[in-house]
Amino acid sequence: MNKDSREYLFDNYKVLLILLVVIGHFIDPCCEQNPYLYELKWAISAFHMPAFIFISGYFSKQIPSIKKLVKSLVIPYFTYELIYYFLYTLVLDKSTGLYFARPKFTLWYLMALFVWRIAAPLVQKIPHHLAWSVAAGLLIGYTQFGNFLSIPRIVFFFPFFLAGLDFDSRKLEKYRTRAGHLGALALLGGLTLFLFADKVHRTLSWYIFYGRYSYADMEQGNLEGAVIRLLCYGISFLLVYAFMLVLPTQKRPYSYLGQRTMAIYIFHGLVYSCFKYGSTVLYSVETNGESLALIAFCVALVWVLSRKPFVNFTNKVANLI
């Protein structure tokens, strides 16, 4: 895409999302020890992956060849699985196996992208395909696939990929008005206040947005689980579109980071694993000051991992064949 036609809204959106991905992972071991981190974890879980997947779908309008998919997703998947395996077993002394059918940590996303990009052109031909994909996402909650091939998450998040694929950004302009901007800000502010005031969501787990766990895993009845999951779809889609109305559409000094998210996504998982399994520091964060320091560390880590050595490495892995 040339400089003039680049849609910086999505670059800016991806910068926000990759920052939330990193923060969301690093606060996971300690978020229940601080009320602000706890609600932040809820907010992040509700929309960061749906939005990332939506944007991935948006930029998948051209059908790639199988060779290109293998080159850009399959080879990197196996490469990073090996790296994780050696990190866990040789460095962190963590017991694990070389389970290529059960992705480690963040690598499920590479597997999912491969499946979505193959399946989407076929599914798009089905009338009301988005509604059917949501129905499939509800039904997968009744099954017990576990982490095998990331099937539950692939099915659960597929509607967001399809919605991005169908999305026409030109139609967004009529909503990017002052009223639309203020309305979206009011919605986001209202949902933030709701998180701190509501007590019902504290009886649940943010895992309801992960798509990985069955209704039985979440200790929910069949009808209860389906209703909650449908509500999750509604909240996530609402947030995905709301942020489009408040984020800048112009190039910003940080916009270039949106083109380097894969390097940050891959390498932050390795850094996080070292902290999680190699030390207790993430489990000891409790005070507001410590929480702010952790978030500042995450911001710095995003910048570090966006540097050329990490970007060049991920590019080389994606071009091994």
Side-chain angles (χ1 to χ4, degrees), residues 14 17-18 20-26 28 41 44-57 59-60 64 69-88 94 96-120 123 133 136-137 139-141 143-165 205-214 217-218 229 232-233 236 261-273 276-277 305 314 317-318:
K14 288 168 69 178
L17 293 173
I18 196 61
L20 294 182
V21 167
V22 175
I23 292 174
H25 284 142
F26 273 84
D28 189 72
K41 181 68 177 181
I44 291 174
S45 300
F47 103 102
H48 74 309
M49 287 313 298
F52 239 133
I53 293 163
F54 180 96
I55 294 173
S56 294
F59 287 108
S60 298
L69 287 175
V70 170
K71 177 179 176 180
S72 62
L73 294 173
V74 176
I75 299 301
Y77 172 77
F78 283 105
T79 301
Y80 295 127
E81 276 287 334
L82 286 171
I83 292 174
Y84 266 101
Y85 173 75
F86 290 125
L87 174 69
Y88 284 175
K94 174 179 166 55
T96 187
L98 198 55
Y99 308 125
F100 289 117
R102 299 180 185 276
K104 289 180 176 61
F105 199 35
T106 59
L107 299 184
W108 71 270
Y109 190 53
L110 299 182
M111 179 178 287
L113 278 176
F114 178 77
V115 175
W116 292 331
R117 285 175 175 165
I118 288 178
V123 175
S133 68
L139 291 174
I140 200 68
T143 66
Q144 290 286 347
F145 282 105
N147 195 38
F148 181 69
L149 295 176
S150 291
I151 291 174
R153 281 192 281 204
I154 289 173
V155 176
F156 174 77
F157 285 115
F158 196 27
F160 300 103
F161 187 86
L162 289 172
L165 202 59
S205 167
W206 48 77
Y207 288 154
I208 58 177
F209 289 99
Y210 281 28
R212 174 179 177 176
Y213 303 100
S214 69
D217 292 334
M218 302 300 297
R229 180 163 290 194
C232 288
Y233 273 129
S236 295
T261 54
M262 183 57 75
I264 301 168
Y265 185 79
I266 293 297
F267 280 100
H268 95 275
L270 298 170
V271 176
Y272 171 74
S273 295
K276 182 177 181 180
Y277 301 115
L305 297 181
T314 54
V317 170

### Query
Heavy atoms, side chains only, cut-off 4.5 Å: are Pro76 and Thr314 in contact?
no
### Query
Can you find a heavy atom in the side chain of Ile83 that is under 4.5 Å from one in the side chain of Ile266?
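No; the side chains remain at least 4.5 Å from each other.
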Side chain [X], main chain [Y], donor-acceptor under 3.5 Å:
X: Glu81; Y: Leu98; value: no
X: Arg229; Y: Gly137; value: yes
X: Tyr265; Y: Thr106; value: yes
X: Tyr77; Y: Phe100; value: yes

If you round to the nearest 0.5 Å, how far is [atom2] of [Y] from [atom1] of [X]?
X: Ile75; Y: Tyr80; atom1: CD1; atom2: OH; result: 12.0 Å
X: Leu113; Y: Ile154; atom1: CG; atom2: CD1; result: 9.5 Å
X: Ile18; Y: Ile264; atom1: CD1; atom2: CD1; result: 5.5 Å
X: Trp108; Y: Arg212; atom1: CH2; atom2: CZ; result: 10.5 Å
X: Tyr109; Y: Trp116; atom1: OH; atom2: CH2; result: 6.0 Å
X: Phe52; Y: Thr261; atom1: CZ; atom2: OG1; result: 4.5 Å

### Task
Return the set of residues passing ring pair (Phe, Tyr, Trp, His ring centres under 6.0 Å) with Phe105 (not counting sequence neighbours), or none when no residue passes.
His25, Tyr272
### Task
Would you list the pairs meeting salt bridge (charged side-chain N to carboxylate O under 4.0 Å, His left out) in which at least one residue belongs to residues 143-153, sequence neighbours left out?
none
Of all the heavy-atom pairs spanning [X] and [Y], show the shortest one and how long it is.
X: Met218; Y: Ser205; result: CE-CB, 3.9 Å
X: Leu165; Y: Ser60; result: CD1-O, 3.2 Å
X: Arg117; Y: Ser56; result: NH2-O, 4.4 Å
X: Ile44; Y: Ile23; result: CD1-CG2, 3.9 Å
X: Leu305; Y: Ala263; result: O-CB, 3.9 Å
X: Phe148; Y: Arg102; result: N-NH1, 3.3 Å

### Task
List the steps and the verdict of side-chain contact (heavy atoms from CB on, under 4.5 Å) for Val123 and Ser133.
CA-CA 9 Å; Val123 175; Ser133 68; 5.5 Å; no
#### Entry: Contacts of Phe145 that satisfy side-chain contact (heavy atoms from CB on, under 4.5 Å) - sequence neighbours left out
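side-chain contact (heavy atoms from CB on, under 4.5 Å) check on Phe145 returns Ile140, Thr143, Ile151, Pro152.
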### Task
Could you pull out all residues at least two apart from Phe160 that satisfy side-chain contact (heavy atoms from CB on, under 4.5 Å)?
Pro50, Ile53, Phe157, Tyr233, Ser236, Phe237
### Query
Taking only residues two or more places apart in sequence or in another chain, which ones pass salt bridge (charged side-chain N to carboxylate O under 4.0 Å, His left out) with Lys41?
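Counting only residues at least two positions away or on another chain, Lys41 forms a salt bridge (charged side-chain N to carboxylate O under 4.0 Å, His left out) with Asp28.
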## Note on the structure
Contacts of Lys14 meeting salt bridge (charged side-chain N to carboxylate O under 4.0 Å, His left out) (sequence neighbours excluded), chain-then-number -> none
### Message
A cation-pi test, strictly: NZ or CZ of Lys94 under 6.0 Å from the centre of the six-membered ring of Tyr277 and no more than 45 degrees from its axis. Yes or no?
### Response
yes
### Worked verdict on Val271 versus Phe26 for side-chain contact (heavy atoms from CB on, under 4.5 Å)
CA-CA 10 Å; Val271 176; Phe26 273 84; 4.0 Å; yes
